[in-house]
Every structure is written in structure tokens, then in C-alpha cells.
Protein chains: 2
Amino acid sequence: MDELPRAGWPNEETAPPGVAERLARDIQAGRFQPGSWLKQIELQRRYGANRSEIRKALEHLASKRLIQYLPNRGYFVHREDDAVAAEIRDIRIMLETSAAEFMARNAAEHHVVELETLAKRFAALLDAGTMVEIYEVNLAFHRALLATTGNHSLVELVSELRLRTSPAPASQWSTRRRMEQSAREHFEIVEALRARDVARLHVIIERHISQPETEEADKGR
Amino acid sequence: MDELPRAGWPNEETAPPGVAERLARDIQAGRFQPGSWLKQIELQRRYGANRSEIRKALEHLASKRLIQYLPNRGYFVHREDDAVAAEIRDIRIMLETSAAEFMARNAAEHHVVELETLAKRFAALLDAGTMVEIYEVNLAFHRALLATTGNHSLVELVSELRLRTSPAPASQWSTRRRMEQSAREHFEIVEALRARDVARLHVIIERHISQPETEEADKGR
DNA sequence: GCGTGCATTATTGGCACCAATTTTGACGCC
DNA sequence: GGCGTCAAAATTGGTGCCAATAATGCACGC
């Protein structure tokens, strides 16, 4: 009498990547043009999945706003909208700066150490790494930073918001100068966190988020 | 050669309510017990829809975290988790207090008037209205308040967050005293907004969100 | 009386096929 | 050459059926 359903995988991270995740990565990596149709038969072949799985994955990504749906037409890759992108950037700033208070309160020392490691790795990759590597470490840093709040829902929420904006060719960051600036700010954040300086955290994080990804938004306004 | 897909309904609000929306409302209203299985055949009958529609709606709500999915078992109504509920409450506080700045900057006079109307209606319903009506007007007030920021994505995001927590029987608010307190705070918010007093807005909104829905969280910790 | 194993039942999941809709391409007309 | 019309092709959407899997109930043995 199993009337008490329990979630299957205790740790979502360790679950095998499904079709939705793979498709999401492909879209994010720009392997599908924004605005192009996602034909179910093609996806079926590409991912070696059946129709049901494909439809489920498509609906999943549609409700995450990664793709859009039109009845009797199908699903197509979401088109970047400058206005919406700006809105989401604002939301991220609201969330991550407000989170500063929780970070300072809840961050343990091992969190700070991990962040420092990631900040160092990011800085090191500026010379040696590819754009994709840099992008991923930056992602990991922000994820880890938010994780210090202890609010897991917050981490996930921001990750989802990122999916909605991150421009397809992740390779095109800003200029070299900006990347170096970002690297410096990462260390500043770690320091401020270690010092439990909420106000300073607030300021740095706001500057940090506004900067790196504003070029498109600035151009568009 | 329509290679330029455009969204169909310009205004999402005016689109006819699909199965997902109806099911979401039914879950929110508590017509399905938390943890109970959502059998596709039953939903098919209930909503007069076919299997594909049902599956789409289920997957949609699952990715919104309103329900959960287990392979080969099906979908079941999401179980309220006090810890997660507290996390989401924190997120809402972060968002709505940070939004104060944008409200003060972007709110037009007609926004303030609309808010005042809603605040009055809320207060009036305390005596004359049903719990559901009060709940709905409160929802409308918060929605309208966020809408003054001009950030439509923010409005939607918070609405989705609400779906994830709002206790099934919306009828059970706190005590009468708290409802009166909420009504007072609504007017305070309107005043602070009219005065463009960001700091005061911040304080009132934080108190306002923390209060009304903490009873379950407080009980659980 | 209680647990175990087995058959039955219920439900999801996948498949093939057909219908409905849309897009594409071609043809003819102005 | 451009435009509208119409047929053909491609794609999504719906249905019924069967397999796979999980829950249920029952009989049996201890």
C-alpha cells in the first residue's frame, strides 16, 4: 500500500541527464539557432529517444521559457528579447544582492575556501583556458556563492533565470578588460564575505552582475 | 515561408484557460490531496481532454514544482515542505523589498490609484466578503504592487513562487487581527509609494510578507 | 495470526497509424 | 515579374492498442 510517494533520486545532481537537460545544453551552446523550429522527428533521431520523451522534454523547456510553443506549429528556440533580458538582469541583481545578508550570516568557512578556490581558478583560466571553461567556472562561482545562503531554492531559481538569458554563444564574453575586472571582483567578494561585510558585499555584487553582461542591453537601449 | 515564428496571443491573460491552468487552480484550491496520485484517465474525464493534453499539462505543472513525477508511477500533488516553504518566503521577501526601489522610481499616479482601490476593497471585504474573495484581492494587490516596477517578468516570477507555497485551503488565513493588520499595511504601502519613500516601503513590505503567511512556518520550526 | 509468493488488476509508457493543420512548391494568370 | 490558387509534402496532434511496470488482493504455508 504505497500511498506515500517519495522522490526517487535524493540528489538531483547525480541523476542521469535526461533529454531535456541535453537539449537545454545544446540550445544554450547555440547548436540551435534562436527562432528555429525544433522538429520532433529530428530530435528523436538526435537523442535516440521516443516521441513521448521528446514531447515531455519540449514541454518542460517551454515552461522554463527556454523555448516557445505555438499550437499546430511546434516548439522553437526562444528569441532573445533585450527588454526581457534587462528585466531578468534586474531580478538577478535584486536576488543576489539581497542574498548578501544571508550569505554573511550563514556562510561557513569551508564555503569561503571553496569560493576562493573557484576565484583563483577563474583568474588562472583567463590566460590558459577556453571561453567555455571560463564561462563554466564563473557559473560555478556564482552558484557556490548563492549556496552559502543555505537557500537551495534560491540557487536553483537563479540558475533557471540564467538559462533564460544567457546568450547562445557563451563564447562571446565582453572584452579582456572586463574579464579581468570580474576576476578581481570575485576576490573582493570572497574577502567581503570572510569579513561578513554585508554592505560591501551588496555593492560589489551589484556592480559585478551589472557589468559583465550589460553590453547587449546597453547596445539595445 | 514563415520562418519567423511569432507568439500567438499578444496578451496571455486573455487566452482561454487550458487544462494546466484549471488543474493548477484545482490543486491550489485543495481539491486534490497533497501527495495523492493524479491519474491520467481520471484527469482525462474530469477536464474532457485527451491524453496528450493531460500529459502536457502534467509535465508543465511538474516543471513549475506544483506536482512531482516518478517514472513508471506518475504524477502526484506536491507535498508541502516547511523548509522549502521558508526558503521561498525568504526569496519573496528579497524580491519584493528590493523591488521597492523600482516601484518608487517607476510607479505612475494611476498605479497608486489602482492600489488604493484594491487596498480599500480588501479592507471592505474583511467584514462582507468570503475568505476566498479576500485571498484573491490580496493577490491582486500584490500583483499590482509589483506591476508598478514595470518589470513584467518579476510579476510573473513571484506569481509562480506563490503557486509553489500557497497552502491548499486558501480559506485558512491567520486570525482576524492579522487580516486587519494586513489591511492597514496595504494603506501604509500605498502612502509610502505615493511619497516615494523607498526605505519605508522596504520596511513595511518586509513586515507585511513575513507576517501573513508565517503561521505554518512558525508552527513547523 | 502473520508473512511470503503468486496471480490479478490498474496505470503508465511506447508504438504505429491516421487525421488535422500548416508549409512548401508549382502552375497559371494578370 | 509578381500574385493568387491549388495540389503535394511535411509536421504536429490524437487515438487505440499492446507491452512494461507497479500496486493490490488472495491463497498458501508456517
Side-chain angles (χ1 to χ4, degrees), chain A residues 1-10 15-23 26-27 31-79, chain B residues 1-10 15-23 26-27 31-79:
Chain A
M1 61 169 95
D2 189 346
E3 266 301 341
L4 306 169
R6 269 276 141 250
W9 261 285
V19 179
E21 284 76 14
R22 291 203 278 161
L23 178 54
D26 282 345
I27 291 173
R31 281 188 273 275
F32 291 99
Q33 285 298 325
S36 65
W37 292 104
L38 295 168
K39 294 169 202 168
Q40 301 183 359
I41 319 171
E42 188 190 326
L43 300 178
Q44 228 170 313
R45 280 196 300 264
R46 178 186 250 259
Y47 299 108
N50 52 39
R51 196 73 153 238
S52 333
E53 286 181 88
I54 295 296
R55 285 194 193 167
K56 205 189 296 208
L58 285 171
E59 186 56 31
H60 190 80
L61 297 187
S63 76
K64 277 206 170 40
R65 305 295 226 290
L66 216 94
I67 62 183
Q68 254 187 294
Y69 168 73
L70 290 180
N72 288 320
R73 302 280 303 278
Y75 298 82
F76 62 94
V77 180
H78 179 255
R79 219 172 271 260
Chain B
M1 60 168 98
D2 189 346
E3 265 302 340
L4 305 169
R6 270 276 140 251
W9 260 285
V19 179
E21 285 76 15
R22 289 203 278 162
L23 177 54
D26 282 345
I27 291 173
R31 280 187 274 274
F32 291 99
Q33 285 299 324
S36 65
W37 293 104
L38 295 169
K39 294 167 201 167
Q40 302 184 359
I41 320 171
E42 187 190 327
L43 299 178
Q44 228 170 312
R45 278 196 301 264
R46 180 187 251 258
Y47 299 109
N50 52 39
R51 197 74 153 237
S52 334
E53 285 180 90
I54 295 295
R55 286 195 193 167
K56 205 188 298 207
L58 286 171
E59 185 57 31
H60 190 80
L61 297 187
S63 75
K64 277 206 171 39
R65 305 295 228 286
L66 217 95
I67 63 184
Q68 253 186 296
Y69 169 73
L70 289 178
N72 287 322
R73 300 282 304 277
Y75 298 82
F76 61 93
V77 179
H78 179 254
R79 213 166 275 224

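Here is how names work: the chains are called A, B, and so on, in the same order as the sequence lines, proteins then strands, and each is numbered from 1.
Take K56(A) and apply the salt bridge (charged side-chain N to carboxylate O under 4.0 Å, His left out) test, not counting sequence neighbours, and it matches no residue. Residues passing the side-chain hydrogen bond (donor to acceptor under 3.5 Å, both in side chains) test with H78(B), sequence neighbours excluded: none. Taking R51(A) as the reference, Q40(A), I41(A), Q44(A), R55(A) meet the side chain to side chain contact (heavy atoms under 4.5 Å, CB included) condition, with sequence neighbours excluded. For R31(A), the salt bridge (charged side-chain N to carboxylate O under 4.0 Å, His left out) partners at least two apart in sequence or on another chain are D26(A). Remark: K39(B) engages no residue in a side-chain hydrogen bond (donor to acceptor under 3.5 Å, both in side chains) (not counting sequence neighbours).
Within the 4.5 Å cutoff, the side chain of W37(B) has no heavy atoms near those of the I67(B) side chain. Using a 4.5 Å heavy-atom threshold, the side chains of L43(A) and V19(A) count as separate.
One end of the helix from dG1(C)-dC30(D) to dC30(C)-dG1(D) points its axis 10° away from the other end's axis, with each axis taken from 5 pairs and the angle rounded to 10°.
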Could you pull out the protein-nucleic contacts involving nucleotides 10-14 of chain D (nitrogen or oxygen on both sides, under 3.5 Å)?
residue: dT11(D); atom: OP1; partner: K39(A); partner atom: NZ; Å: 3.4
residue: dT12(D); atom: OP1; partner: Q40(A); partner atom: N; Å: 3.2
residue: dT12(D); atom: OP2; partner: Q40(A); partner atom: N; Å: 3.4
residue: dG13(D); atom: OP1; partner: Y69(A); partner atom: OH; Å: 2.4
residue: dG13(D); atom: OP1; partner: N72(A); partner atom: N; Å: 3.3
residue: dG13(D); atom: N7; partner: R55(A); partner atom: NH2; Å: 3.4
residue: dG14(D); atom: OP1; partner: N50(B); partner atom: ND2; Å: 3.3
residue: dG14(D); atom: O5'; partner: N50(B); partner atom: ND2; Å: 3.3

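Summarising the geometry, the separation between CZ on F76(B) and P on dA23(D) is reported as 12 Å, rounded to the nearest angstrom.
Side-chain N/O atoms of E59(A) and Y75(A) include a donor and acceptor closer than 3.5 Å.
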